[in-house]
Amino acid sequence: MYNFKEIEQKWQDKWEKEGTFNAKNDYTLPKWYGLIEFPYPSGQGLHVGHPRSNTALDIIARKRRMQGYNVLYPIGFDAFGLPAENYAIKNHIHPKIITKQNTDHFRKQLKSLGFSFDWSREINTTDPNYYKWTQWIFIQLFKHGLAYKATMPINFCTGCKVGLANEEVVNGVCERCGSPVVQKEKSQWMLKITEYAQRLIDDLDDLDFLDKIKAQQKNWIGRSEGAEVNFKIKDSDDSLLVYTTRPDTLFGATYMVVSPEHPFINKHKDMIKNLDEVKEYQEKASMKSDFERSELNKEKTGVEIKGIKAINPLTNEEIPIWISDYVLITYGTGAIMAVPAHDDRDFEFAKKFNLPIKKVIVSKEEFAKYKVDEGQANSKIDDKEMTEAFTDVENGVAINSEFLNGLESKDAINKAIEYIEENKLGSRKVNYKLRDWVFSRQRYWGEPIPMVYCDDCGWVPVPEEELPLKLPEIKDYEPGENGESPLAKQTDWINTKCPHCGKPAKRETDTMPQWAGSSWYYLRYMDPHNDKEFVSKEALEYWSPVDWYNGGMEHTTLHLLYSRFWHKFLYDLGKVPTKEPYQKRTSHGMILGENGEKMSKSKGNVINPDDIVREFGADSFRVYEMFMGPFDQTAEWSMDSIRGCNKFLDRVWSLQDILVEGDQYSKETENMMHKAIKKVSNDIEEMKYNTSVSTFMTMVNEFSKLKKINKKEYETFLQLLNPFAPHITEEIWERLGHTNQLAYEPWPKYDEEKTIDESIDLPVQINGKLRANIQIQKDEDKDSIKAKIHENEKIQAYIEGKEIVKEIYVPNRIYNIVIK
RNA sequence: GCCGAUAUGGCGGAAUUGGUAGACGCACUAGACUCAAAAUCUAGCGAGAAAUCAUGUGGGUUCGAGUCCCACUAUCGGUACCA
């Protein structure tokens, strides 16, 4: 048994003292920048999921150093956030103190795992020297019109008493506390991320992100193409604008629907005959939480707005207008034309309220069957027969639609838009699901938004030379009943002078969301102690972009999107040199408890990394997390398995007992050594760590079998294993007589020639079934192989008396005889 | 519903991308060492008496399919009245 406790402490101390892994400020060297998501220092301490990500990229960082790169592998803490604040409210301890305690604990835990972080660049989002620049970026956004105040119906969590971004609402309840979320009108700071929607899609093309991550980004942005069309209101100059992706179905629009919040209703209240009924419906809808609204989506509700009719611009028919909450004010124009025959939701609504259903599209098969002639209305297809809407764009042909008749849906859409534009009825339009980012939080523990409101000048940013605008020390963290920030009670702090005109003015009391600090942290690492700029130009030019970013799948939509947005904004200002922040993004799978369930305190299946380090050592922990399964997939924790990894390292240590001299690979191992170097080198790049570890195990088995390992072999082995198990390998390296550290030894090279076996155990199949193996030389002549095979007794027994149809030889791979 | 993924021994998982299915590890069994146990070491370990059968199910392509194609099923993750 090797003494991992002593060894790991020894090397960690040495690394710390010597700053072994600090990135060099020599900008002439080839660089590599690896990034892991900086942790939120929770009270629970490090989770076993953190080391999975950290070890994976640590391995790459360590390999890159051995390959001669100047490596930046930084670490910091994303320390603003609700848990610390909620803890503060409960226990009356300042979040700053909690955060400091948690951060110290995290730092100690991370250090005990031997990650090659550059601790000299540690950052913390709650440090005024850091959030100074977060505030600075906000001011730039404001100055360029991308930050604005708007009174918006926002998601309001009844538990946290705080406005939430759409992203923080899960199934209608608060992502953090699980309380119901209701709609509330509130003046909020908003960021115009929608302005970047198209670029956030387009620029994905040049990035090396996992496909599923790109897909998630695109889904979230949710681009759709269609048209906006105006429907005239009868007996009025007004019209109602709708958005549709299916302008080819215009002839089938038999009614319209507006969302309960639509201004149309108030505007025309004089014409509405059943105003009370409509108002009552509006009221009911506003009382519903998001949860109820989606919960009730099975059963549609609505009220007809009586007294007002719209005119279908293509058929000139009068159609009714309804109000219903299945139409959302936040998407498109907040109003729709309903085509019940070709939209599932409209169909359901029409069935319930007995509205006409008019079929204007049939499937290609149906179209062929009825031989519907172009330009001819068709009565053979009975609208009443429909039991569900026909929505397939790929397979539709227009009917009963005058000039669209006979066109396939895709062409019909284009023709319809052309017609609409020519006749000034509307225009082509692209829509996105993505909405502007609600950037205000009515909370204490976040970056103060550096804005001042002056009655005369409006919103004025805090002058940049006054940044950071520090978060004031307060005692009461409880948010106000109406959802105001706790800062709203700090009159001393609020009252200030207008930076513009000098008159008395008031500070913004909302703070930034947790996403803010993490939207640009990768930039600060490049130059963390700069007090003149957020990063120096030289550092940016040298380190940009992040070469490889790894983190959890839970952050591949929002965090990634938000930081890409900020980065693009900074790029437009000429402040950063690249269009995108991260060149490559990968994600690790979750680690579940031993019972296959998500680790949680309540389930009692949480594994504490400290216990694992104490019992097996950091190296065993690291090796196990890499061995447990494919890196990008969910894996269950197994104590038995980690013991196996610990045993493996014991055997690595024991190889010292069978060490012999030698400065060349021995004959018996040469082939294996070259293969192993190749395999491990490639595996690391593809994050196939589990098979790298099995390669190491196979090597140890082989050396044990040979009962010897020479110095050269041992050295190469240690070099390959070093990124995975840095402490034990450094220790043995030293014991082999080296005075330099393994961490900067050049990565071993392999010779392709020598990875190829000289003699091959060639499988021989008959009709695709394995029947024998024969020994051949590499690239042996086919005739010679054929002769050997036909001499083989086993084979002869099989082909005796049978007709040989053909013989297939795949050089050096397989030989197959087909018989009848 | 939509998007994405996954399915291989008792278990975690390998398989050079169409070429010997089950590498490596765990668990298990036997042996060595020990008074004994643990640890360690050695050997065995998909099913079947065998022919053979086996990579979620059913088809297909091929000399040859875990891998490719078609149609399903199950599980997991994300998302959802987005017109």
Side-chain angles (χ1 to χ4, degrees), chain A residues 1 170-171 210-216 218-220 222-224 226 242-246 249 253 257 259 293-294 296-298 300 324-328 330-339 342-346 348-349 391 431-435 553-554 556-557 589-590 592 596 623-624 627-630 632-645 647-648 650-651 654 675 678-679 682 688 690-701 704-705 755 761-773 805-810 812-819:
Chain A
M1 279 282 278
V170 177
N171 289 329
L210 292 178
D211 285 341
K212 62 175 168 183
I213 296 175
K214 287 190 184 182
Q216 266 186 26
K218 284 183 193 165
N219 278 345
W220 192 266
R223 182 193 154 98
S224 74
V242 301
Y243 173 72
T244 176
T245 55
R246 296 298 304 274
T249 62
V257 187
S259 73
R293 248 170 117 148
S294 63
L296 292 169
N297 82 31
K298 301 276 181 297
K300 294 214 169 5
S324 171
D325 65 3
Y326 85 90
V327 174
L328 308 175
T330 44
Y331 185 76
T333 63
I336 60 158
M337 64 173 201
V339 185
H342 306 292
D343 181 281
D344 292 324
R345 296 150 301 179
D346 298 345
E348 194 193 326
F349 193 81
T391 57
N431 251 326
Y432 302 91
K433 283 191 224 171
L434 185 70
R435 277 167 248 165
M553 272 317 278
E554 68 274 20
T556 48
T557 26
M590 231 187 349
L592 303 176
V623 168
Y624 169 61
F627 185 59
M628 69 195 309
D632 57 349
Q633 281 171 37
T634 308
E636 275 173 42
W637 188 267
S638 157
M639 276 302 177
D640 282 335
S641 232
I642 192 167
R643 253 171 232 124
C645 293
K647 198 160 99 179
F648 158 69
D650 268 332
R651 298 182 69 203
S654 306
K675 271 187 182 166
K678 182 179 180 181
K679 173 97 180 117
N682 294 338
K688 290 160 95 175
N690 52 337
T691 49
S692 286
V693 174
S694 59
T695 303
F696 296 137
M697 289 171 169
T698 311
M699 289 170 88
V700 171
N701 289 346
S704 304
K705 219 175 270 171
T755 62
D761 194 24
L762 188 79
V764 182
Q765 296 183 332
I766 290 172
N767 288 350
K769 292 207 167 81
L770 181 73
R771 294 306 183 195
N773 281 291
V805 181
K806 66 170 140 174
E807 294 180 48
I808 297 143
Y809 177 53
V810 184
N812 300 327
R813 281 241 180 273
I814 204 161
Y815 197 103
N816 194 9
I817 302 172
V818 186
I819 59 169

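Residue numbers begin at 1 in each chain, while the letters A, B, ... track the order of the sequences.
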Could you tell me the separation between the CZ atom of A:Arg651 and the C1' atom of B:U42, rounded to a whole number of Å?
11 Å

Integer angstrom distance from the P of B:G22 to that of B:G66:
12 Å

Could you give the distance separating B:C53 and B:G64 at their P atoms, to the nearest angstrom?
14 Å

Note, A:Met337 side chain near A:Thr249 side chain (heavy atom, < 4.5 Å):
yes

Within the 4.0 Å heavy-atom criterion, would you say A:Val818 contacts the bases, only the backbone, or no part of the nucleic acid?
sugar-phosphate

I'd like to know if A:Lys300 reaches the base of B:C81 with its side chain, counting only an N/O donor and acceptor under 3.5 Å.
yes

What does A:Asp761 touch in the nucleic acid at a heavy-atom separation under 4.0 angstrom: a base, only the sugar-phosphate, or nothing?
base

B:G9 glycosidic conformation (syn if within 90° of 0, otherwise anti) is syn

What interatomic distance, in whole Å, is found between C1' of B:U42 and the corresponding atom of B:G46?
23 Å

Check against side-chain contact (heavy atoms from CB on, under 4.5 Å), A:Met553 and A:Ile213
CA-CA 8 Å; A:Met553 272 317 278; A:Ile213 296 175; 4.3 Å; yes

Presence of A:Asn701 side-chain N/O under 4.0 Å of B:A23 phosphate oxygens OP1/OP2
no

Under 4.0 Å, counting only non-hydrogen atoms across every strand here, what does A:Gly222 touch: a base, just sugar-phosphate, or nothing?
nothing

Pick the C1' atom in B:A47 and in B:U8, then give their distance to the nearest Å.
15 Å

Rounded C1' spacing from B:U20 to B:U67 in Å:
15 Å

Checking N1-N3 plus N6-O4 or O6-N4 for Watson-Crick, or N1-O2 and O6-N3 for wobble, each under 3.5 Å, the partner of B:G46 is B:C53

Contact under 4.0 Å: A:Tyr243 side-chain N or O vs B:A83 OP1/OP2:
no

Checking all strands, does A:Arg771 fall into the base, sugar-phosphate, or nothing category for heavy-atom contacts under 4.0 angstrom?
sugar-phosphate

When the nearest nucleotide of RNA chain B is assigned to A:Ser694 and to A:Ile808 on a heavy-atom basis, which residue is associated with the more 5' position?
A:Ser694

Please classify the nucleic acid contact of A:Lys433 as base, sugar-phosphate, or nothing, using heavy-atom distances under 4.0 Å.
base

Is A:Lys212 near enough to B:A5 that one of its side-chain N or O atoms lies under 4.0 angstrom from OP1 or OP2?
no

